[in-house]
Novice: 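Here you go, one structure.
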Amino acid sequence: MTGTATSPGWIAVAGLGPGADALVTPQVTEALARADDVIGYIPYVARVAPRPGLTLHPSDNRVELDRARHALALAARGRGVVVVSSGDPGVFAMASALFEAVEAAPAFAGLDIRILPGITAMLAAAARLGAPLGHDFAAINLSDNLKPLVTVETRVRAAAQAGFALALYNPRSASRPHQFARILSILHEVCGPGRLIAFARAVTTPDESLRVTTLADARPDMADMRTVVILGNADTRRVGRWIYAPRSANTPAP
Ligand code: SAH
């Protein structure tokens, strides 16, 4: 589709997956091939190959709503726009930001908007580790950019007490150096020292590293912002080099 004033514009909010090219879906590849504009956080836009006729709009972190408004304005002018996220665009990413922008400017609600799913970090990490998310689990974003820290801690504690395995996104950043230590101590208190915990970093990229340990030996510096942390449930165990959650729950929640 070309970006003329007479052609109808469209927006695809697309997930680029965890890193490996082979994990970008054909649907996302096809949308990128048709796009006039690509909008997103700098490292994600850097994953899109430049080509004639395609305008790349990399932007800094924490400007999700500006990006969403920009995408809507371009599509309203007849452009084909792909907004890129890593992983899945609906998991702690741009799809919600886009709908917030539409809600604030309902004239855009009639635009052709599609959300194109991707493989989210926790699923890519789980696949590399074995099957730690094979029973009930919860995903929690540890960042306090968009919710108070007390909410993060309350949710982590409640989910651990309920017996869920956990996938923890955005575990540690320079702006909140002490918070992840506090999360580990809550988990230790609720789940005990023997509980398995995995640190999966830069999964499916050349920088990938995987580390499985217990809460007794887990240290805050095992995680950074490229890590997704997976906490096992009370039944999660090792088999060979793998960890997995059995399909049935045998140990009652603490
Ligand atoms: N929409 C993304 C998540 C964005 S939040 C998704 O669905 O995966 C960014 C966080 O995702 C990072 O701090 C990290 O916790 C996690 N993450 C993203 N890519 C990852 C990867 N390749 N390996 C490990 N964690 C990753």
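Just so you know, ligand 1 is whichever comes first in the structure, and atom 1 is the first atom listed for that ligand.
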Novice: If only atom types and distance count, is the side chain of R128 paired as donor or acceptor with the main-chain N or O of L210 below 3.5 Å?
Specialist: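 No; judged by distance alone, with no hydrogens or angles, the pair does not exist.
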Novice: At what distance is the nearest protein heavy atom to atom 24 (C) of ligand 1, and which residue and atom is it?
Specialist: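 The closest one turns out to be R226 O, 3.1 Å.
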Novice: Would you say R247 has more than 12 foreign heavy atoms packed within less than 6.0 Å of its CZ?
Specialist: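 Counting other residues, nucleotides and ligands, CZ of R247 stays at 12 neighbours or fewer.
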Novice: Within a distance under 4.0 Å of any heavy atom of P171, pick out the atoms of ligand 1 and give their elements.
Specialist: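 What qualifies from ligand 1 is 15 (O).
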Novice: Starting from atom 3 (C) of ligand 1, which protein heavy atom do you reach first, and at what distance in Å?
Specialist: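 Protein heavy atom with the smallest distance to atom 3 (C) of ligand 1: V91 O, 3.6 Å.
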Novice: Can you tell me which residue and heavy atom of the protein come closest to atom 11 (O) of ligand 1, and the distance to 0.1 Å?
Specialist: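 Here the closest protein heavy atom is Y169 CD2, 3.3 Å.
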Novice: State the atoms of ligand 1, each with its element, that fall below the 4.0 Å cut-off from a heavy-atom position in M225.
Specialist: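 Matching atoms, with element in brackets: 12 (C), 13 (O), 14 (C).
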Novice: Under 3.5 Å between any N/O of T205 and any N/O of ligand 1: does that happen in this structure?
Specialist: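 No; the residue has no nitrogen or oxygen that sits under 3.5 Å from a nitrogen or oxygen of the ligand.
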Novice: Of the listed options (S143, A125, G90, A121), which comes nearest to atom 16 (C) of ligand 1 when hydrogens are ignored and any heavy atom counts?
Specialist: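 Looking at heavy atoms only, A121 sits closest to atom 16 (C) of ligand 1.
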Novice: Quick check on P89 - does any of its heavy atoms sit under 4.0 Å from an atom of ligand 1?
Specialist: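 Checking ligand 1 against P89, which is what was asked, there is no heavy-atom contact under 4.0 Å.
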Novice: Flag yes if L166 and V203 sit in one hydrophobic cluster, no otherwise; membership is Ile, Leu, Val, Met, Phe, Trp, Tyr, and two members link when side-chain heavy atoms are under 4.5 Å apart.
Specialist: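 Unlinked, L166 and V203 end up in two clusters.
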Novice: Do me a favour and list the nearest non-hydrogen protein atom to atom 10 (C) of ligand 1 with residue, atom name and distance?
Specialist: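 Answer, as residue, atom name and distance: N170 OD1, 3.7 Å.
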Novice: Can D221 and R219 be counted as an ion pair, charged N to O under 4.0 angstrom?
Specialist: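 Result for this pair is yes, salt bridge flagged.
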Novice: Give me the nearest non-hydrogen protein atom to atom 22 (N) of ligand 1 as residue plus atom name, then the distance to 0.1 Å.
Specialist: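 Ranked first by proximity to atom 22 (N) of ligand 1 is P18 O, 2.9 Å.
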Novice: Atom 23 (N) of ligand 1: which protein heavy atom is closest, and how many Å away?
Specialist: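 Sorting protein heavy atoms by distance from atom 23 (N) of ligand 1 puts V203 N, 2.9 Å first.
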Novice: Where is the nearest protein heavy atom to atom 4 (C) of ligand 1: which residue, which atom, and how far?
Specialist: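 Of every protein heavy atom, F92 O, 3.6 Å lies nearest to atom 4 (C) of ligand 1.
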Novice: Give the atom numbers and elements of ligand 1 that come within less than 4.0 Å of a heavy atom of A93.
Specialist: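 Those of ligand 1 that fall under 4.0 Å from A93 are 1 (N).
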Novice: So which of R195, R182, R157 actually passes salt bridge (Lys or Arg N to Asp or Glu O under 4.0 Å) with E189?
Specialist: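 Answer to the salt bridge (Lys or Arg N to Asp or Glu O under 4.0 Å) test with E189 among R195, R182, R157: R157.
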Novice: So which bit of T227 gets within less than 4.0 Å of ligand 1, heavy atoms only: side chain, backbone, both or neither?
Specialist: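 The answer is the backbone of T227.
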Novice: Give a yes/no verdict on a cation-pi contact between R34 and W10, requiring under 6.0 Å between NZ or CZ and the six-membered ring centre and an angle within 45° of the axis.
Specialist: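 Satisfied, under 6.0 Å and within 45°.
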Novice: Counting from 1, what ligand 1 atoms have a heavy atom of S86 closer than 4.0 Å?
Specialist: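 Contacts of ligand 1 toward S86, numbered from 1: 1 (N), 2 (C), 6 (C), 7 (O).
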Novice: Is the closest heavy-atom distance from G19 to ligand 1 below 4.0 Å?
Specialist: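 No, that is not the case, since the closest heavy atom of the residue is not under 4.0 Å from the ligand.
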Novice: Does at least one non-hydrogen atom of T204 fall below 4.0 angstrom from an atom of ligand 1?
Specialist: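 The answer is no: ligand 1 sits nowhere under 4.0 Å from a heavy atom of T204.
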Novice: Looking at ligand 1, would S85 count as a contact under a 4.0 Å heavy-atom criterion?
Specialist: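 So S85 does not count as touching ligand 1.
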Novice: Is any side-chain heavy atom of V83 less than 4.5 Å from a side-chain heavy atom of P89?
Specialist: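 A side-chain contact under 4.5 Å is absent here.
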Novice: Using the rule that Ile, Leu, Val, Met, Phe, Trp and Tyr join whenever any side-chain heavy atoms are under 4.5 Å apart, tell me whether Y41 and V82 fall into a single cluster.
Specialist: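 Yes; tracing contacts between hydrophobic side chains, which count when under 4.5 Å, links both residues.
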Novice: Evaluate the criterion salt bridge (Lys or Arg N to Asp or Glu O under 4.0 Å) for residue pair D207 and R201; output intermediate values, then yes/no.
Specialist: CA-CA 8 Å; D207 302 329; R201 180 172 193 277; 5.2 Å; no
Novice: Just jot down the ligand 1 atoms closer than 4.0 angstrom to any heavy atom of T120, in number order.
Specialist: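 Those of ligand 1 that fall under 4.0 Å from T120 are 6 (C), 7 (O), 8 (O).
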Novice: Is the contact between A202 and ligand 1 made by the side chain, the backbone, both, or neither, using heavy atoms and a 4.0 Å cut-off?
Specialist: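 The backbone, only.
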Novice: Just checking, any donor-acceptor pair under 3.5 angstrom between side chains of D235 and H135?
Specialist: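 Checked: D235/H135 side chains show no N/O donor-acceptor pair below 3.5 Å.
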Novice: Under 6.0 Å between the ring centres of F92 and Y169?
Specialist: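 Centroid distance F92-Y169: below 6.0 Å, so yes.
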Novice: Do NZ/NE/NH1/NH2 and the carboxylate oxygens of R172 and D224 come within less than 4.0 Å?
Specialist: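 Here R172 does not pair with D224 in a salt bridge, since their nearest N and O are not under 4.0 Å apart.
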Novice: Near A200, which atoms of ligand 1 are under 4.0 Å from a heavy atom of that residue?
Specialist: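 Counting from 1, the qualifying ligand atoms are 24 (C).
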Novice: Using a 4.0 Å heavy-atom threshold (strictly under), name the region of E208 that reaches ligand 1: side chain, backbone, both or neither.
Specialist: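 For E208, there is no contact with ligand 1 at all, from either part.
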Novice: Counting neighbours of CD1 on I42 that are heavy atoms of other residues, nucleotides or ligands and sit closer than 6.0 Å, is the number greater than 12?
Specialist: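 Yes.
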